[in-house]
Undergrad: 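Pasting a structure below so you can have a look.
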Amino acid sequence: MALVGLADSNSFFASCEKVFRPDLKNSPIVVLSNNDGCIVALTQEVKDLGIQRGEPYFKVEKLLKKSGCAVFSSNYTLYQDISRRIFEILGIFVEDIDLYSIDEAFFSFPEYLNENEVSSYINKLHNTLYRRTGMKVSIGIGRTKTLAKIANHIAKKNNGAFYLSKEKEEKIIKNLPIKEVWGIGYRNAYKLESFKIHTAGALIEKDDKWIRKNFSITGLRTVYELRGIPCINEDDYRIRSFASGISFQKPVTSFEELLESLACHCSVVASKLVSKNIKAGTVGVQINSNRFRDNYYSSFYYIKLTQSSCYGPTFIKACRSCLEHIYKNNVEYKSSRVFVYDFSFSQDRQLSLFDTPNYSSLLKKRDNMALCVKEIETSEGKNVIHPAITYSKRKHDLSSRKYLSPCYTTRWKDIAKVY
DNA sequence: TCTGGGGTCCTAGGACCC
DNA sequence: TCTGGGGTCCTAGGACCC
C-alpha cells in the first residue's frame, strides 16, 4: 500500500503577495475576497490580533490600519500561476498528483522507503519548492488522506515536512482535539463533545454502528481513515458542476442589468467548459438580495438544454428564460450566479428524434465558434472578445478591487523591476 | 455604507410506481 | 378509530471543505 502525501501552502494567497514584496517579509498581511468584502487569507501576525478568516473587512479595517497591516484584493491571476509552478515542481518529485484546490494536492509515495529516507526526501522537496518559487509549502505524509492532513498540520508548526509513520500514529491521535480532524466541522465537533468525545483517540475507539447511526457514512469514513484504512478515493474529486458568480458593488434592480451580469458569467463558464473539453446539459441561475437585510430574497431556477453545449450564447438564452421565472420587481439584487452541470464529453452528442441535418450542422458551427473564442482568449487575452450584451459591463467591473497587486508573473508590463 | 466565491456529499421526505 | 409493502427517483437542505 502506498503512503499518501499532502502538499499545502501556508496562508497561500497572503504568501503569494509576499513573494514579490520582500519589504513585507515580516509584516501582517490580509487578502480580501471579491468586492473587497471579507478576509479570505491572513498571516499569523493578523491571527494573533484575534481576527479570523471570513471576517468582514469593514469591521476590522481600523484595527488593521493601526497595526500596519498590508491589505490586498484577490489577484487570482497571480495565485493561479504560482500554484501552477508549485505543482509542476511537485511533479518532478512525486507521482499520481491529485489536485484538491488551488494550494493543495495529494500524491502517492512509495512505502518501501524507510522512515529516515522518507523524511529526508520530503525535506528536500520542501526546500526545493521554497528555493524555486519563494513559497513555503508544507509536506505531510501518512497512511491515508486524513492522516496526511494531520501530518501536514504538524509540518506547518515544525520545519515544513513531517512523516506520520504508523508507529507515531497512536501517540499523536490520542490527544488530537476532535475539531482539528479533517472532515469534522464545528457542528459535528459540538455534537461529539456532547457525547463526551473530545479527541480523535476517543473517537476511533467508538463502535462502528454507533458512528454510522449518529454521523452517517461520512463520519464512519473519517474514523476508518484515522484508523489507517483509506476510504477517500480520487474519484471523489471528479468535477460534477461549477459556477461563476459575483456580488455587485451597487445593488441592481432591472431585469436587463441582471441578465447582463449573467451573460458575463456565461462567458466564464463557456470558456472553462471548452478548456476541459466537456459540455454541459443543464444551466442554472441564482439571484439574491442582500442576505443581511430584511426581506431577503433568493431564488434559483434551472433549465435542461435540448442539446449539451459549451457555447456562450446558448447559455445566455437559457439564463434569460431562467431569469424570467425568478425575477421580481422592486428587489435590490446583490449577487447573481450561473451554474452548469450534467457534463458530457465533447465528442459524444446524442441527437434527438426530430433533429434535422441543418440543426446538427448548426450545432457543429457553434462548437467551432466556442473553440475559436477560446483560442482568441488564449492568444489575445480574456477581455478582447465577448458577447455584445455584456459590452458595458465586464465581470470584474461589477466588483471593486481597490488593493489589487500587479500580475508579476503573467503580464510583461507588471514584471518586477530591480533597481 | 460595507458582510466572498466555488465546490462536494449525504439524508430525509415527497412523488410516483406496482 | 383503524389505511400495505416494497421499490425508484428527485430535490431541498444540511454539513463539510478550501
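Numbers restart at 1 for each chain; the letters A, B, ... are given by sequence-line order, proteins then strands.
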Undergrad: Answer yes or no: does a side-chain N or O of A:S74 lie under 4.0 Å from OP1 or OP2 of B:dG5?
TA: no

Undergrad: Would you tell me if any nitrogen or oxygen in the side chain of A:K250 comes within less than 4.0 Å of OP1 or OP2 on B:dC2?
TA: no

Undergrad: 5'-most contact on DNA chain B: A:K272 or A:N290, nearest heavy atom basis?
TA: A:N290

Undergrad: Quick check for you: among B:dG7, B:dT3, B:dG4, whose closest atom lies nearest to any side-chain atom of A:P56?
TA: B:dT3

Undergrad: Check every strand shown and say whether A:F242 touches a base, only sugar-phosphate, or nothing at a heavy-atom separation below 4.0 Å.
TA: sugar-phosphate

Undergrad: If you check every side-chain atom of A:N188, which of C:dC18, C:dA15, B:dG4 has the closest atom?
TA: C:dA15

Undergrad: A:L99 CG to B:dG7 P: how many Å, rounded?
TA: 15 Å

Undergrad: Taking 4.0 Å as the cut-off, does a side-chain nitrogen or oxygen of A:R291 come that near to OP1 or OP2 on B:dG4?
TA: yes

Undergrad: In whole angstrom, what separates A:I232's CD1 from C:dC16's C1'?
TA: 11 Å

Undergrad: Scan side-chain atoms only and decide if A:N288 and A:S298 contain a donor-acceptor pair under the 3.5 Å cut-off.
TA: yes

Undergrad: How would you label the contact of A:K191 with the nucleic acid (heavy atoms, under 4.0 Å): base, sugar-phosphate, or nothing?
TA: nothing

Undergrad: Tell me what A:R293 touches on the nucleic acid: a base, only sugar-phosphate, or nothing, going by heavy atoms under 4.0 Å.
TA: sugar-phosphate

Undergrad: Taking any heavy-atom pair under 4.0 Å as a contact, classify A:K149: base, sugar-phosphate, or nothing.
TA: sugar-phosphate

Undergrad: Tell me what A:E104 touches on the nucleic acid: a base, only sugar-phosphate, or nothing, going by heavy atoms under 4.0 Å.
TA: sugar-phosphate

Undergrad: Rounded to whole Å, please give me the gap between CD1 in A:I184 and P in C:dC18.
TA: 13 Å

Undergrad: Where the side chain of A:D103 is concerned, which of B:dT11, B:dG5, C:dC18 is the nearest nucleotide?
TA: C:dC18

Undergrad: Can you find a side-chain donor-acceptor pair between A:S405 and A:N75 that sits under 3.5 Å?
TA: yes

Undergrad: Over 60° means perpendicular and under 30° means parallel, so classify the ring planes of A:Y341 and A:Y302, tilted if in between.
TA: perpendicular

Undergrad: Could you give the CZ-to-C1' distance, from A:R53 to C:dC18, as a whole number of Å?
TA: 6 Å

Undergrad: Evaluate the side-chain hydrogen bond (donor to acceptor under 3.5 Å, both in side chains) criterion for residues A:D36 and A:S73: first the C-alpha distance (whole Å), next the side-chain angles of each, then the deciding distance (0.1 Å), finally the verdict.
TA: CA-CA 6 Å; A:D36 296 338; A:S73 304; 2.8 Å; yes

Undergrad: Among side-chain atoms of A:E17 and A:Y79, is any donor-acceptor pair under 3.5 angstrom?
TA: yes

Undergrad: With respect to the side chain of A:I217, which nucleotide from B:dG6, B:dG4, B:dC10 is positioned closest?
TA: B:dC10

Undergrad: Considering just the side-chain nitrogens and oxygens of A:N35, establish if one lies under 4.0 Å of OP1 or OP2 belonging to B:dC2.
TA: no

Undergrad: If you pin A:F292 and A:S216 to their nearest nucleotides in DNA chain B, which one's is more 5'?
TA: A:F292

Undergrad: Is the NZ or CZ atom of A:K279 positioned over A:F343's six-membered ring, under 6.0 angstrom from the centre and within 45° of the axis?
TA: no

Undergrad: For atom P, what is the distance between B:dT3 and C:dC18, given to the nearest Å?
TA: 25 Å

Undergrad: Answer with base, sugar-phosphate or nothing: what part of the nucleic acid does A:Y302 contact at a heavy-atom distance below 4.0 Å?
TA: sugar-phosphate

Undergrad: Could you spell out the base pairing of DNA chain B as a dot-bracket line? Use Watson-Crick and G-U wobble contacts where both distances are under 3.5 Å, [ ] for crossing pairs, | for partners on a different strand.
TA: ....||||||||||||||

Undergrad: Could you check how far CD of A:Q249 sits from C1' of B:dT1, rounded to whole Å?
TA: 13 Å

Undergrad: Is the distance from OP1 or OP2 of C:dG13 to the nearest side-chain N or O of A:R187 less than 4.0 Å?
TA: no

Undergrad: A:K145 has an atom NZ; how far is it from atom P of C:dC17, in whole Å?
TA: 15 Å

Undergrad: From the list C:dC18, B:dC9, B:dT3, which nucleotide is the closest neighbour of the side chain of A:F58?
TA: B:dT3

Undergrad: CZ of A:F339 versus P of B:dG5: gap in Å, rounded?
TA: 12 Å

Undergrad: Can you tell which of C:dC18, B:dG4, B:dT11 lies closest to the side chain of A:R212?
TA: B:dT11

Undergrad: Rounded to whole angstrom units, what separation is found between the CG atom of A:L220 and the P atom of B:dT11?
TA: 11 Å

Undergrad: Heavy atoms under 4.0 Å, any strand shown: does A:D36 hit a base, just sugar-phosphate, or nothing?
TA: nothing

Undergrad: For A:Y297, is the NZ or CZ atom of A:K328 found under 6.0 angstrom from the centre of its six-membered ring and inside 45 degrees of the ring axis?
TA: yes

Undergrad: Is the CD atom of A:E375 crowded by more than 12 outside heavy atoms at less than 6.0 Å?
TA: no

Undergrad: Can you check whether A:I150 reaches A:L176 side chain to side chain, under 4.5 Å on heavy atoms?
TA: yes

Undergrad: Ring centres within less than 5.5 Å and planes less than 30° apart: is that true of A:W182 and C:dC17 in this structure?
TA: no

